[in-house]
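Notes for the one structure printed next.
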Number of protein chains: 2
Amino acid sequence: MSDSVLLDPVDLEILRLLQNDARTTYKDLAAAVGVAPSTCLDRVGRLRRTGVILGHELRVDPARLGRPLEALLAVQVRPHRRELIGPFVERVRALPESRALFHLTGPDDYLVHVAVASTGDLQRLVVDEFTSRPEVARVETRLIFQHWDCGPLLPPTSGI
Amino acid sequence: MSDSVLLDPVDLEILRLLQNDARTTYKDLAAAVGVAPSTCLDRVGRLRRTGVILGHELRVDPARLGRPLEALLAVQVRPHRRELIGPFVERVRALPESRALFHLTGPDDYLVHVAVASTGDLQRLVVDEFTSRPEVARVETRLIFQHWDCGPLLPPTSGI
DNA sequence: CCTGAAAATAGAACGGT
DNA sequence: ACCGTTCTATTTTCAGG
C-alpha cells in the first residue's frame with residue numbers, strides 16, 4: 001500500500017523542478033526536461049495517481065500574519081492509550097496556533113510546532129491548552145530562532 | 001521589515017482557501033469569496049508582493065520515493081560560534097535526506113527532520129554526517145511514528 | 001472593484017513509433 | 001507502452017471604465 005514507485009530520470013527531474021516551484025507550467029516543465037508538454041501532463045498525472053505527489057501547498061509567512069514567534073512544544077501524555085491520544089491529536093490539530101504535529105519515539109510522545117503573536121500568547125497556549133489538560137503529563141517549550149526548508153526530496157538511489 | 005500586514009475578510013478567506021488547496025483557480029476563488037476573478041488575481045498578487053504568500057510547494061510522499069522511515073535528530077554543536085554553525089547549517093540543508101532544519105533554544109541546538117530508506121541508512125547518516133563531525137557534540141535520534149499538518153494559518157485576531 | 005476581450009494554459013483525443 | 005501533435009474548454013491576465 002505504501003510501496004515505493006519506480007521512477008525514471010524524466011520523473012525525477014519533474015519532481016525536482018516542481019518541488020522548487022509547484023506552479024511551473026507543463027510547457028516550462030517540458031522545455032526543461034526535453035519532452036512534450038502533454039507527456040509532462042501524463043507524467044504528473046501518474047505521479048498523482050500513484051501517490052508520489054500528494055498535493056499543492058501554499059507557503060505563508062507566519063510573521064506577516066501577526067505570528068512572529070514560533071516554538072516547538074515537547075509533550076508527554078500520561079497513560080498514552082489509544083482512547084486518550086486520538087482526541088488529543090485532533091484537539092491539537094484544530095488549534096489555530098498549530099502548524100504541525102509529530103508522534104515520536106523517546107521520552108517526549110508528541111512534538112507540536114506552533115506560531116503565536118507573543119510570549120504572552122505562548123504562555124496562555126501552553127497553560128490553557130496543554131498543561132491544564134488531564135492527559136498531558138509534561139510540556140517542554142523550545143523557541144525557534146530560525147528554520148529552513150531543505151532541497152527537493154528524491155529517491156535514495158538517484159544520486160548513485 | 002517583517003511587520004504584520006493588514007488583511008481584510010476577503011484576503012483572509014482567500015488565504016484560508018488557498019491553504020486548503022493551493023491549486024484553487026481564481027475563478028473558483030472568486031465564486032467562493034464573492035468578487036470577480038480579476039480581483040482575486042489582484043489580491044493574490046498583493047499577498048505575494050507583501051510577503052504573506054511565500055510560494056507554492058509540492059507535497060510529496062517520502063515513502064513512495066523509497067524513504068519510508070522519518071526521524072528527528074536533536075543535535076548539540078560544540079562551541080556554537082557563528083563561524084562553525086554557518087557551514088553546519090548549509091551542510092545539513094544540502095543532505096539529500098534532510099527535509100527541514102530548526103535552530104532552537106534549550107539543550108539541543110538544532111533539530112533535523114530527515115527521511116531515509118531504512119534503519120541502516122539512518123545509522124549511516126547519523127554516524128557519518130553528524131557524530132563523526134568535530135562540531136557535533138551529541139545527537140539524539142527520535143523516530144517519527146506519524147505526522148500531521150494542521151489547519152490553515154490565519155492572523156490571531158481573526159477568530160474574535 | 002468590475003467588465004470584457006486577448007493570450008496562455010490545461011487537459012483530452014488521436015495517431016505514430 | 002510511451003511519446004508527440006493537434007484541438008478545445010478553461011483559465012489567466014490585462015486593458016479600460
Side-chain angles (χ1 to χ4, degrees), chain A residues 1-61 64-66 152-155 157-160, chain B residues 3-61 63-66 152 154-155 157-158:
Chain A
M1 158 158 189
S2 193
D3 271 340
S4 167
V5 175
L6 274 182
L7 303 168
D8 70 15
V10 171
D11 293 321
L12 296 180
E13 185 66 4
I14 287 174
L15 280 172
R16 203 183 60 74
L17 290 164
L18 283 180
Q19 284 183 77
N20 282 334
D21 178 8
R23 273 184 15 141
T24 310
T25 64
Y26 295 121
K27 189 188 153 212
D28 288 348
L29 274 185
V33 175
V35 297
S38 65
T39 304
C40 279
L41 185 74
D42 288 345
R43 296 298 191 116
V44 173
R46 187 175 345 135
L47 291 170
R48 284 183 158 276
R49 283 192 306 278
T50 55
V52 176
I53 293 176
L54 295 172
H56 291 242
E57 207 172 292
L58 196 73
R59 289 202 321 122
V60 299
D61 183 347
R64 298 294 168 107
L65 286 173
L153 198 66
L154 295 171
T157 51
S158 75
I160 295 181
Chain B
D3 269 340
S4 167
V5 175
L6 274 182
L7 302 168
D8 70 14
V10 171
D11 292 321
L12 295 180
E13 185 66 5
I14 287 174
L15 281 172
R16 203 183 60 75
L17 291 164
L18 284 180
Q19 284 184 79
N20 282 333
D21 178 8
R23 281 196 349 156
T24 308
T25 64
Y26 293 122
K27 187 191 159 210
D28 288 347
L29 276 184
V33 175
V35 297
S38 61
T39 304
C40 279
L41 181 73
D42 288 345
R43 295 298 191 117
V44 173
R46 181 165 3 122
L47 291 170
R48 284 184 157 275
R49 282 192 308 277
T50 55
V52 176
I53 292 177
L54 295 172
H56 291 244
E57 207 174 292
L58 196 73
R59 290 202 319 122
V60 299
D61 184 347
R64 296 295 166 103
L65 287 174
L154 295 172
T157 51
S158 75

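Labels below follow one simple rule: chain letters A, B, ... track the order of the sequence lines, proteins then strands, and each chain is numbered from 1.
Contact between A:A22 and B:E57 at its shortest, heavy atoms only, is CB-C, 3.6 Å. Contact record, A:E13 with A:V33: CG-CG2, 3.8 Å, taken as the closest heavy-atom pair. What you find for A:L15 and B:L58 is that their closest heavy atoms are CD2-CD2, 4.2 Å. The minimum heavy-atom distance between B:P37 and B:A30, with the atom names listed, is N-CB, 3.5 Å.
The structure places CG of B:L47 at 11.0 Å from CG of B:L54, a figure rounded to the nearest 0.5 Å. Between the OG1 atom of B:T39 and the CG atom of B:L29 there is a distance of 11.5 Å, given to the nearest 0.5 Å. Remark: B:L7 CG to B:R46 CZ distance equals 9.0 Å, nearest 0.5 Å. Taken from CZ in B:R64 to CD1 in A:I53, the straight-line distance is 12.5 Å, to the nearest 0.5 Å.
Looking only at distances, a side-chain donor or acceptor of A:D11 sits under 3.5 Å from a matching main-chain atom of A:D8. No donor-acceptor distance shorter than 3.5 angstrom exists from the side chain of A:R16 to the backbone of A:L154, with no hydrogens or angles considered.
In the region residues 25-59 of chain A, proximity to DNA chain C at under 4.0 angstrom, judged on heavy atoms, holds for A:T25, A:Y26, A:K27, A:S38, A:L41.
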If pairs are Watson-Crick or G-U with both distances under 3.5 Å, what is the dot-bracket string of DNA chain D, marking crossing pairs with [ ] and pairs to another strand with |? |||||||||||.|||||

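Mapping heavy-atom proximity under 4.0 Å, the span of DNA chain C touched by chain B runs 5' to 3' from C:dC1 to C:dT3.
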